[in-house]
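Here is how names work: the chains are called A, B, and so on, in the same order as the sequence lines, proteins then strands, and each is numbered from 1.
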Protein chains: 2
Amino acid sequence: MRDVRRANRAVLLTHLYRSGPLSRHELAQSTALSQASVSNLIGEMIGEGLVEEAGFVESDGGRPRVLLRVAPGYGYVVGADVGETRVQVELFDLSMAPLAKAEYPLSSTTPKPDEVLDRLLDGLGSVVDRAGVDPATVLGLGVAVSGVVERTRDAVVHAQTLGWEGVPLGAMLRRDTDIPVLVDNGAKTLGQAELWFGAGRGSRHVVVALVGSGVGASVVADGASYRGSHSSAGEWGHTTIAYDGCACRCGAHGCLEAYVGAEGILERYRQANRGRPAPGADEESALAAVIAAAPTSKTAAKVLDDTAGYLGAGLGTLVNLFNPERIVLGGWAGLALGGAMLPAIREATARHALRQPYAQATIELCELGPDAVAMGAATLPVAELLSDGGIARAAALAGAGGGAGRAACPTPARAR
Amino acid sequence: MRDVRRANRAVLLTHLYRSGPLSRHELAQSTALSQASVSNLIGEMIGEGLVEEAGFVESDGGRPRVLLRVAPGYGYVVGADVGETRVQVELFDLSMAPLAKAEYPLSSTTPKPDEVLDRLLDGLGSVVDRAGVDPATVLGLGVAVSGVVERTRDAVVHAQTLGWEGVPLGAMLRRDTDIPVLVDNGAKTLGQAELWFGAGRGSRHVVVALVGSGVGASVVADGASYRGSHSSAGEWGHTTIAYDGCACRCGAHGCLEAYVGAEGILERYRQANRGRPAPGADEESALAAVIAAAPTSKTAAKVLDDTAGYLGAGLGTLVNLFNPERIVLGGWAGLALGGAMLPAIREATARHALRQPYAQATIELCELGPDAVAMGAATLPVAELLSDGGIARAAALAGAGGGAGRAACPTPARAR
DNA sequence: CGGTTTCGGTTAATGCTTTGAACTAAGTCA
DNA sequence: TGACTTAGTTCAAAGCATTAACCGAAACCG
């Protein structure tokens, strides 16, 4: 009861954010709140600057409706992507329009936490500066890391690829900045970005399948990211699809990643091509070369054909186990493969999934680029704002304003 | 919010039901409600007969606490299990103590919906009669079917094994009985039973893996059954674990079910045994014979060893994708295999799962027998009662009582 | 053995929040 | 211009949880 108002504000705000501009009337209908309450709460939020009017809609005999939206300029969010080779930091307004961006290469693929910390703080300051945004209006910093992130305040990170074992990244960042910090796994933030702004829009059950050098997945169940008991759910890459099959770098045999991860594909190509690897300086161009060669080279075509089969088996597993509305294929290798042969992948999935769940799912490509990891990270503070109804911030502002303006004022408005 | 009271009653009731007898004080602490509210709400529920006192607990200097529990006799629930060979109907009180049971063989393995309907209604009447329970105190009938059940009011059932395609079992039952009817998939109800009363007690993230002739799973995520977009999530049996492997009855190749389903195991034994099948009239005794022969027969030992490996691969997939606290292995074949070689199965799972999620999960056997499917079905109306805080029923009773006793009374108590 | 302490539980007053209904605002249409 | 529609606001009323003061039942202690 003590936070029913918060809950109602959250419902309203979330609706407004996700379902575009809406009138008070529509909001009342879709949230099952009375018009009076909507008017009341919206009025409060307009007063705080959280919500703003966004034009009218003509009516056929009747007062025209005033459309409302979450004010993009109410605050700003920063998203950061800690990759193996670089740290990317980007600033957005609340409508997720990008305003500034900073990128830092890392000295090694296993950077010290302190180095990453410096880059993050640098980037944070830099993008805020360059966008000309008041630091006090930055609602939060979301950080995406490619590893398992414990869902605690300290945000302890376990990232084998970075060589991090139990790094409390959240706690470390909080020591050096007052801006609220949220940390999550990169695949999950990318999934969130696709869910909100990409190929997953409008769905409540989505699996975002990511294929790059490694293979992972981000599962959204009933609108919320599925984490499991210790936040490491969705480790799709090490699903066994070929019993007693190829060795995988995880130590097991027959993992999906060993077959459809970029490394695995290129290795299969090398073997099929009498030991000669695909041309290209890095994995990305090598894979592109294989794909480009497919129309003319039987070897390349065979390798890709097999890849579609293996990928289909893996996607079929996702379809059967999660019964999603939509599977979104992403990751740089996933996009390359999907762009070249999505029909074959769909067909292979159909062969490996049960008819009914397969028929209920669509398989599509990611719509946002790989930079969406940072954007997804930036959605973390936005999600926080929405689920909170903006109450925490309003209270903080009222408290600060009250403290400065009227020293002896006991408890202004919502500051209790 | 117009039903905050309902929500609070639900929280209290659920807590009381799941965490055994508790005092008002403990309830207040664990639910974050004030003591006054707890007193108030509990008082109301005691008045309705929903909650009752259950003894004291001595204190060391202070008033002794009065323990409370959900009154087992407040109402009764009926659970039914529609299997391929029989319909089982069982009546329980709210503490899930079995009070009466009825079982009907079915005329064929693909029974007409009408035949099943008759048996269910017969069984319902029979168990209520024999337990000597007032039909008006029966809170609901839960029905478990081995197929996909749409989660709508009509409860449309798609069950290939029964030959049912789009049978609105819920709607059909409702035509012939006033008792609230709930229908769900059998694996999910068994999972629910294990979660509440069996090996899953106290966990919020559990996967119940069921191995019989077929193979399935019931996933519990954050305390609630995970259903996916169309309620068919958890189809573990048709996960590909051996690419291009054995043909499965689903039409695909390399499904887990083809390797660790009873049929698959016995087929592999037959092949390893130069075409001679395992002795036994049915699958169950044949599998038992293979297991019994393992210490002396190399063939049998090899087949079971392989089975543990395949099963481990399948369980590893579950561990990686769902990151559960606990995996509960059940189903008649699962129990037989697990009883004989759980350590080998655990070890195989460790080989196929990632270290971290594997370390976070325990693998155990089902504690409840196969009859628990009916019990799980009976938990469906209980869950309904708990999530409702018992308000709907209290209102109905008050309404009926008011209507009979005082004809002109406008709206007694909660009947609005 | 009676007072004191301590903890469990209840009661009355208070304040917050939603809501329903009346009411105002801003249009269209005849 | 006036009837009619639809959107949004205001205000009194009702429902709830909470705070804080207040009983009750035991053990401890001098």
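Remark: the backbone N or O of A:Arg174 is not paired with any side-chain donor or acceptor of A:Thr177 at under 3.5 angstrom. Checking side-chain atoms of B:Glu325 against main-chain N and O of B:Arg204 turns up a donor-acceptor pair under 3.5 Å.
In this entry the distance linking CZ of A:Arg24 with C1' of D:dT6 reads 14 Å, nearest Å. The distance from atom CD of B:Gln29 to atom P of C:dG9 is 11 Å, rounded to the nearest whole Å. Here D:dG15 presents its P atom at 16 Å from CZ of B:Arg9, a figure rounded to the nearest Å. The nearest whole Å value for the distance from the CD atom in A:Gln35 to the P atom in C:dA21 is 13 Å. Per the geometry, NE2 belonging to A:His25 stands 11 Å off C1' belonging to D:dT5, to the nearest Å. Counting to the nearest Å, the C1' atom of C:dT18 and the CG atom of A:Leu12 are 13 Å from each other. Computed from coordinates, the A:Glu44 CD to C:dC16 C1' distance equals 12 Å when rounded to whole Å. Rounded to an integer number of Å, the gap from CD of A:Glu26 to P of D:dT6 is 14 Å.
Taking for each of B:Phe56 and A:Val66 the nucleotide of DNA chain D with the nearest heavy atom, the 5'-most of the two is the partner of A:Val66.
No hydrogens or angles were tested; on distance alone, nothing pairs the side chain of A:Arg63 with the base of C:dG27 as donor and acceptor under 3.5 Å.
In the set D:dC16, D:dA20, C:dT18, C:dT18 carries the atom at the smallest distance from any side-chain atom of A:Arg5. Minimum atom distance to the side chain of A:Ala36 is reached by C:dG20, of the listed C:dG20, D:dA26, C:dG9.
A salt bridge between B:Arg326 and B:Glu194 is absent, with no side-chain N of the basic residue lying under 4.0 Å from a carboxylate O of the acidic one.
Phosphate proximity of C:dT19 to A:Ser34: present, with a side-chain N or O under 4.0 Å from OP1 or OP2. In this structure, A:Asn8 reaches the C:dT18 phosphate: one of its side-chain N or O atoms is under 4.0 Å from OP1 or OP2. Side-chain N/O atoms of A:Ser39 include none lying less than 4.0 angstrom from OP1 or OP2 on D:dG8.
Applying the ring-ring contact (aromatic ring centres under 6.0 Å, His included) test to B:Tyr17 and every residue at least two apart in sequence or in another chain returns B:Trp196.
Atom CG of B:Asp134 sits in a crowded spot, with more than 12 heavy atoms from other residues, nucleotides or ligands closer than 6.0 Å.
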